[in-house]
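What follows is a short report on a single structure.
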Amino acid sequence: MRIGIDARAAVEERAGRGTMVRELLRALAAERAGEDGVPAHEYVCFARTAWEDPALAGDPRFRWELIGARDPLWHVRAALKASRTTDVYLSTNSYLTAWFLRVPSVVTVCDMVAFDPALLPRKDAARIERATLPFAVRRATVLQAISRATADDLIARFPAAAGKTVVSTLAADPGFADGGAPGDEVLRRYGLDGPYVLGVGTLEPRKNLARLVEAFTTLPDDVRGDHRLVLVGPLGWDTDETVAAITAHPELVRAVGAVPDADLPALYRRAAAFAYPSLYEGFGLPVLEAMIAGVPVLTSSTSSMPEVGGDAAVYVEPRDVASIRDGLARLLGDGALRERLAAAGPARAAEFSWARHAREMRELCERAARGRI
């Protein structure tokens with residue numbers, strides 16, 4: 001069978017869908033045809049630029065089909081080519097391609113942020129998603145949601161999706177346990193010479209960092225102690241409130257911007273706690289990364305976060321500063337709780353794997369191609 005994959009994000013997106021697509025391709029490459037019943041499929045990767053990675057180098061099962069057009073023409077040309085050369089198409093990064101396909105399709109739905117104006121998504125991207133998802137729901141053979149929460153939100157808005165929606169969760173790199181650059185070197189690079197609580201994510205309203213800053217800076221002095229709040233992530237959109245909150249407390253809060261992937265594991269591992277009170281996440285990958293690193297986690301009780309954290313996290317109401325503050329106080333003030341969560345996190349994270357995700361996605365494509373959903 002020949003499976004087409006929208007692989008643009010492997011090159012074009014550093015995080016989010018980019019991580020998802022890169023890890024999917026690596027995990028598919030790690031499957032060996034003939035072992036444990038793995039069939040000998042071919043994978044046609046549709047993109048603008050080929051992703052050069054050792055995991056795929058020289059593997060005859062993977063072929064790149066490069067289309068230089070811009071959106072929306074890219075989707076038309078990709079769909080026409082895929083309809084002639086593949087048996088099924090996995091659309092990881094757009095709802096639009098499915099409109100033009102003449103072969104079965106599996107369409108990934110990461111979240112439903114675009115349909116909630118209160119979350120202030122990027123307006124252009126949100127408009128495109130709102131316009132294209134309804135027709136993709138009708139056209140797709142399978143809709144793959146990355147969490148149960150995303151599936152429930154999708155079906156609540158589009159009841160017709162109920163009979164074709166399947167959940168396949170994501171995973172995180174096991175290297176967060178002990179990989180990356182040496183810890184002491186990383187801490188020196190960012191001038192971190194004391195204990196800290198870590199937050200990771202793009203500076204945007206949905207990540208709820210302004211409330212996190214308020215909660216942290218209003219902790220009692222004897223609870224906060226010498227800890228600082230360290231925020232890792234690039235500037236996003238609608239950042240005025242977040243930046244104002246950060247700059248108002250230079251002695252307590254430090255934003256270090258985007259960091260190389262190699263530095264992130266050490267920043268996790270050396271943190272006293274990880275705080276991620278996001279308003280909404282399709283999956284909440286940083287929660288899983290922190291748990292792999294053995295860091296006590298505080299996160300939101302909403303959307304997908306409890307699915308990821310299980311019993312290995314402290315949960316808070318993300319729109320309530322007092323709830324976030326109380327959660328931080330629990331973590332920083334209770335050494336036994338931190339130890340329990342640090343031990344429980346890796347075990348919980350081990351329940352998720354890219355190998356399982358790749359197998360599930362391959363099987364979804366197989367079923368879609370054979371009309372057995």
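Residue numbers count from 1 along this sequence. What you see below is based on every heavy atom in this structure, not just the backbone, and it leaves out hydrogens, waters and symmetry mates.
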For residues [X] and [Y]: do they belong to one hydrophobic cluster (side chain heavy atoms under 4.5 Å, members Ile, Leu, Val, Met, Phe, Trp, Tyr)?
| X | Y | answer |
| --- | --- | --- |
| V230 | Y190 | yes |
| W99 | I5 | no |
| M291 | I146 | yes |
| L364 | M20 | yes |

For this session: Report the C-alpha distance between T218 and R325 in whole Å, list the side-chain angles of each, state the deciding distance to 0.1 Å, and finish with yes or no for side chain to side chain donor-acceptor pair (under 3.5 Å).
Result: CA-CA 8 Å; T218 55; R325 182 169 56 242; 2.9 Å; yes

Exercise. Between T150 and S147, is a side chain to side chain donor-acceptor pair (under 3.5 Å) present by the stated rule, with each step listed?
Worked result: CA-CA 5 Å; T150 293; S147 67; 3.1 Å; yes

For this session: Examine the side chains of T302 and R319 and answer whether a donor and an acceptor come within less than 3.5 Å of each other.
Result: no

For this session: Scan side-chain atoms only and decide if S168 and E360 contain a donor-acceptor pair under the 3.5 Å cut-off.
Result: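 Distance-only check passes for S168 and E360.
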
Separation between [atom1] of [X] and [atom2] of [Y], rounded to the nearest 0.5 Å:
| X | Y | atom1 | atom2 | result |
| --- | --- | --- | --- | --- |
| I3 | L28 | CD1 | CG | 7.5 Å |
| K164 | T141 | NZ | OG1 | 7.0 Å |
| E289 | L267 | CD | CG | 11.5 Å |

Problem set entry | Flag side-chain contact, heavy atom, 4.5 Å: H75 against Y95 |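 Not touching, per the 4.5 Å side-chain cut-off.
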
For this session: Find out whether L154 and M112 are in side-chain contact, i.e. whether some heavy atom of one side chain is under 4.5 Å from a heavy atom of the other.
Result: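 Heavy-atom side-chain distance check passes, below 4.5 Å.
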
Exercise. Taking S91 as the fixed residue, which of V107, L101, V109 is the one that meets the side chain to side chain contact (heavy atoms under 4.5 Å, CB included) rule?
Worked result: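 Looking at V107, L101, V109, the match for S91 under the side chain to side chain contact (heavy atoms under 4.5 Å, CB included) is V107.
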
I'd like to know if [X] and [Y] make a salt bridge, using a cut-off of under 4.0 Å between side-chain N and carboxylate O.
| X | Y | value |
| --- | --- | --- |
| R63 | E65 | yes |
| R206 | E281 | yes |
| E363 | R367 | no |
| R330 | D326 | no |
| D173 | R22 | no |
| R359 | E31 | no |
| D193 | R188 | no |
| D261 | R14 | yes |
| D71 | R8 | yes |

Backbone of [Y] reached by a side-chain donor or acceptor of [X] within 3.5 Å:
| X | Y | result |
| --- | --- | --- |
| S94 | L96 | yes |
| S105 | A98 | no |
| E307 | R148 | yes |
| R224 | L219 | yes |
| T239 | G236 | no |

For this session: Identify, with sequence neighbours excluded, every residue that meets salt bridge (Lys or Arg N to Asp or Glu O under 4.0 Å) alongside E42.
Result: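 Expected list: R2.
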
Seminar exercise, completed: Sequence neighbours excluded, the answer for salt bridge (Lys or Arg N to Asp or Glu O under 4.0 Å) partners of D53 is R26

For this session: Give a yes or no on this: more than 12 heavy atoms of other residues, nucleotides or ligands lie within 6.0 Å of atom CZ of R61.
Result: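 Yes, CZ of R61 has more than 12 neighbouring heavy atoms, counting only those of other groups under 6.0 Å.
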
Exercise. Is R70 atom CZ crowded by more than 12 heavy atoms from other residues, nucleotides or ligands, each under 6.0 Å away?
Worked result: no

Exercise. Between H357 and W354, how do the two ring planes meet: parallel, tilted or perpendicular, split at 30° and 60°?
Worked result: perpendicular

Exercise. Would Y280 and D153 satisfy side chain to side chain donor-acceptor pair (under 3.5 Å), going step by step from the backbone distance to the final call?
Worked result: CA-CA 11 Å; Y280 180 98; D153 290 346; 3.0 Å; yes

Exercise. Passes side chain to side chain donor-acceptor pair (under 3.5 Å), H41 versus E366? Steps please.
Worked result: CA-CA 10 Å; H41 295 322; E366 292 166 356; 2.8 Å; yes

Exercise. Between R348 and A312, which heavy-atom pair has the shortest distance, and what is it?
Worked result: CB-CB, 4.1 Å

Exercise. Of all heavy-atom pairs between N208 and P277, which one has the smallest distance, and what is that distance?
Worked result: ND2-O, 2.9 Å

Exercise. Among W74, Y89, F62, W51, which residue meets the ring pair (Phe, Tyr, Trp, His ring centres under 6.0 Å) test with F46?
Worked result: Y89

